[in-house]
Participant: 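Supplied in structure tokens, the structure appears directly below.
Chain naming here is simple, since letters A, B, ... match the order of the sequence lines and numbering starts at 1 in each. Since the structure is predicted, the reported quantities are computational estimates derived from the model, not experimental observations. In what follows, every heavy atom counts, from backbone to side chain, and hydrogens, waters and symmetry copies are set aside.
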2 protein chains.
Amino acid sequence: MPVKLKQLAELLGLSQTTVSRALNGYPEVNAKTRQRVLKAVRETGYRPNRAAQRLATGKAYSIGLVMPIASGIGSDIHFGEFLAGLAEEAVKHDFHFVLNPSAPEDEESTFRRLAASGNVDGLFLAHMRASDPRIAMLKSLSIPFIVHGRSIGGSKDYPFLDIDNTAAFYEATRLLIQLGHRRVALINGQEHLAFAIRRKKGVTRALTEWGLDLDETLVHHSVMTDGYGYRSMQRFLMQPNPPTAVLCSSTALALGAVRAINQAGLTVGTDISIIAHDDVLPMLKPENFSVPLTTTRSSLRAAGARVACRLIGGILERGAYPDQELWHPELIVRASTGPAPGK
Amino acid sequence: MPVKLKQLAELLGLSQTTVSRALNGYPEVNAKTRQRVLKAVRETGYRPNRAAQRLATGKAYSIGLVMPIASGIGSDIHFGEFLAGLAEEAVKHDFHFVLNPSAPEDEESTFRRLAASGNVDGLFLAHMRASDPRIAMLKSLSIPFIVHGRSIGGSKDYPFLDIDNTAAFYEATRLLIQLGHRRVALINGQEHLAFAIRRKKGVTRALTEWGLDLDETLVHHSVMTDGYGYRSMQRFLMQPNPPTAVLCSSTALALGAVRAINQAGLTVGTDISIIAHDDVLPMLKPENFSVPLTTTRSSLRAAGARVACRLIGGILERGAYPDQELWHPELIVRASTGPAPGK
DNA sequence: GCCTCCTCCCAAAGCGCTTTGGATGCTCCT
DNA sequence: AGGAGCATCCAAAGCGCTTTGGGAGGAGGC
């Protein structure tokens, strides 16, 4: 049997009220008393009963994610990583993390049901699309939420955590240009997703600044698996005027691209340069590629954890977090980038 | 404000006790009264408050899954599908589904913590390995659990749901043999996983019955992505005596295999036959392959749902489920299988 | 007719926490 | 000296459900 508040109070010769207040950071408790309480908690290993807290406070102490099924997102390699971050952080705070699979067409009603049920105190939004209608909808439901990524267009006043996709791909492209590359290709994520749009923008911007154009035939959009990476690269190589450098939106895509390059008898880093975005997937480490991959790096799991931390913090009204965060991926140069051939 | 038990009782002119009993299926309630109660529930839309139930009963009304991180399983395409089934079913019963990411080396302590915390009433076990130690461990923790898959060796008295992998691949192989194939290859899942072992066994058995051998150079084990499917197939084709038929443990593997075949200038279904196991991944429908795929089919999501249903049923002590289930995948013939060339 | 035994229902006591609405001393100011 | 005002603590009332321990009334046995 675990220790209960009552026993802890008796042990300390205090009332339950005071102990509870000491634990929850209320001001009307003497600092010394609070220390005593905290010490006793440590010694007895007391943990408040969440069920009782839920009942007493009306809070659910849980956060939810609506996970789309049938669209393939649920089966995306990157999704599990994000999930792990979320769940890990939730467990840490003793929050329940509630996964809600939903067909895309039922998404709206799922959100409504979830918000109304009182089963969760807050929600996550991911896989942002350009001008994503879900943001307005969650606002109208008046339930706390936080977005992983950012919409494009629409109002900007919602809490989010995003990485600076534009800057990352701008900088990656700039590096390629500096290395002498003039024809660069982009193997990107699905066209409707906000991050893909921004990455393309970053590439375009860099090229434009150097007076170059992004050739639309050198841009592919797809689900980010190595299969598609392979196919895209293969098609690029079949062009009369193939690119000398390729940007990949994921190391998974890069894996396929590298295969296509090798198969064509070319060498990564000398014949063709590659820069990929690295979500820090444990399965696909860029340093383990046959030719270690130059990448823009930002951990997807860390993003999940951060997002969860902020949402939970908001619910508990503890800790002050910025409402909007933009992480800047690092550009890490390894061996897959080199001067353009013939320069 | 939602309807509460008290109001419902007043409305019916009954005590809370009686209403509660009527709802929870206790015998000491008149059948007519129970009908009245159920009707009122329907009309008022009453839903018991889970937090209160948790507190009063001491049950958590939640089920947990320990999700391995860093090993790549969390990033497995098939994992999301299984997850969706679990979560969907949990939501349906108003259970919380708690995801617990854990590094493989911490798995044991994660199980312990989870069982001790009282945060979950039951656990899932998946990704069974041969003679998996986790089964004995969960037994010793005396917390209800259910296994997706089966261990190989060790005691057999634990609840599981598995598909008959041996039979499925036996029958698939038999079909190939009947079609005249004599050299069949196997692109399988990771070698240490129980399902992969059983599938190989099925293939071996069928071949042996017809006096054939499974050539070990025609068996590859790997994570089941199309990239590995491609690579395996490619290597098979480079052999002096390549197979005329291939079995794939996943449609993802098959996707890659098909690509390799096409690239070699061969045609699926005539030059080389393929049978894949179809987990019914929404992204990878066998009927949408350029040459529709012959498959052994068993929905992974359905398995997740069933497993959740049984675990929840056990916790609520409602409904009688078999303790061990073995689903038999269907063998569905499409266009990717045909007579062996030259026959 | 009386007592026992079911059947069906109820009042009230928790479950373990938070929160309201005071108490109790003390200090401080005029 | 006498409140006002503050700091610190407490008793008790919930939160919404389940469960214990009866109690009323009718059927059945003798």
Side-chain angles (χ1 to χ4, degrees), chain A residues 1-38 40-41 44-62 94-96 117-119 121 315-318, chain B residues 1-38 40-41 44-62 94-96 117-119 121 315-318:
Chain A
M1 248 325 77
V3 193
K4 305 169 210 287
L5 185 62
K6 191 176 174 186
Q7 298 161 20
L8 194 67
E10 278 168 9
L11 189 80
L12 286 160
L14 288 169
S15 73
Q16 298 191 35
T17 310
T18 305
V19 178
S20 170
R21 291 205 151 133
L23 290 176
N24 296 315
Y26 283 76
E28 54 264 271
V29 173
N30 191 318
K32 292 221 166 133
T33 311
R34 181 169 320 223
Q35 290 314 315
R36 273 215 305 144
V37 171
L38 292 177
V41 166
T44 58
Y46 167 76
R47 309 224 36 186
N49 178 313
R50 261 288 137 93
Q53 286 185 311
R54 282 190 240 264
L55 185 57
T57 60
K59 281 184 188 167
Y61 291 100
S62 22
D94 197 17
F95 263 60
H96 277 3
S117 75
N119 260 335
D121 308 301
I315 290 164
L316 295 178
E317 290 164 352
R318 274 194 209 145
Chain B
M1 257 310 89
V3 193
K4 305 167 208 287
L5 184 63
K6 193 176 173 184
Q7 299 161 22
L8 196 66
E10 278 168 9
L11 189 80
L12 286 160
L14 289 170
S15 73
Q16 298 191 35
T17 310
T18 305
V19 177
S20 170
R21 293 205 150 134
L23 290 175
N24 294 315
Y26 283 75
E28 55 265 271
V29 173
N30 191 318
K32 293 220 165 135
T33 310
R34 181 171 319 220
Q35 289 314 316
R36 274 213 306 144
V37 171
L38 292 178
V41 166
T44 57
Y46 167 77
R47 310 226 36 188
N49 179 313
R50 261 289 137 94
Q53 287 185 311
R54 284 190 238 263
L55 184 56
T57 62
K59 283 184 185 165
Y61 291 98
S62 17
D94 196 15
F95 263 60
H96 277 3
S117 75
N119 261 334
D121 309 301
I315 289 164
L316 296 178
E317 291 166 354
R318 273 191 209 149

Participant: Could you check how far CG of B:L55 sits from C1' of C:dC17, rounded to whole Å?
Facilitator: 8 Å
Participant: Could you give the CG-to-C1' distance, from B:L14 to C:dC10, as a whole number of Å?
Facilitator: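 About 10 Å, once rounded to whole Å.
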Participant: With a 4.0 Å cutoff (strictly under), does any side-chain N or O of A:Y26 reach OP1 or OP2 of C:dT19?
Facilitator: yes
Participant: When you match B:S20 and A:G13 each to their closest nucleotide on DNA chain D, which lands nearer the 5' end?
Facilitator: A:G13
Participant: Decide whether a cation-pi geometry holds between B:R50 and B:Y61; the criteria are a distance under 6.0 Å from NZ or CZ to the six-membered ring centre and an angle within 45° of the ring axis.
Facilitator: yes
Participant: So, is B:S15 close to the C:dA11 phosphate, meaning a side-chain N or O under 4.0 Å from OP1 or OP2?
Facilitator: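 Looking at the OP1 and OP2 atoms of C:dA11, neither is under 4.0 Å from any side-chain N or O of B:S15.
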Participant: Going through the distances and angles, do B:T17 and B:S20 end up as a side-chain hydrogen bond (donor to acceptor under 3.5 Å, both in side chains)?
Facilitator: CA-CA 5 Å; B:T17 310; B:S20 170; over 6 Å; no
Participant: Would you kindly compare A:A51 and B:A31 by the position of their nearest DNA chain C nucleotide and give the one closer to the 5′ end?
Facilitator: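 Looking at the nearest nucleotide for each, B:A31 comes out on the 5' side.
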Participant: To the nearest Å, give me how far apart CG (B:L23) and C1' (D:dT19) are.
Facilitator: 15 Å
Participant: With a 4.0 Å cutoff (strictly under), does any side-chain N or O of A:K4 reach OP1 or OP2 of C:dG16?
Facilitator: yes
Participant: Can a side chain N or O of A:Q53 be found less than 4.0 Å away from OP1 or OP2 on C:dT18?
Facilitator: yes
Participant: Whole-Å distance between C:dC15 P and B:R54 CZ?
Facilitator: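 Taking CZ of B:R54 and P of C:dC15, I get 19 Å after rounding.
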Participant: Could you give the CG-to-C1' distance, from A:L5 to C:dT19, as a whole number of Å?
Facilitator: 13 Å
Participant: In terms of the nearest nucleotide of DNA chain C, which residue is placed more toward the 5' end: B:A56 or B:P27?
Facilitator: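 The residue mapped nearer the 5' terminus is B:P27.
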Participant: Would one find a side-chain N or O of B:N49 under 4.0 angstrom from OP1 or OP2 of D:dC15?
Facilitator: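 B:N49 to D:dC15 OP1/OP2: no side-chain N or O under 4.0 Å.
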Participant: Within this structure, what is the CD-to-C1' distance between A:Q35 and D:dT8, rounded to whole angstrom?
Facilitator: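 Rounding to the nearest Å, CD of A:Q35 and C1' of D:dT8 are 16 Å apart.
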Participant: What about A:T17: does its side chain form a donor-acceptor pair under 3.5 Å with the base of C:dT19?
Facilitator: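 Checked by distance alone, the answer is yes.
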Participant: Kindly say if A:Y46 contacts the phosphate of C:dC17, meaning a side-chain N or O under 4.0 Å from OP1 or OP2.
Facilitator: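 So the side-chain polar atoms of A:Y46 do come within 4.0 Å of the phosphate oxygens OP1 or OP2 of C:dC17, strictly under.
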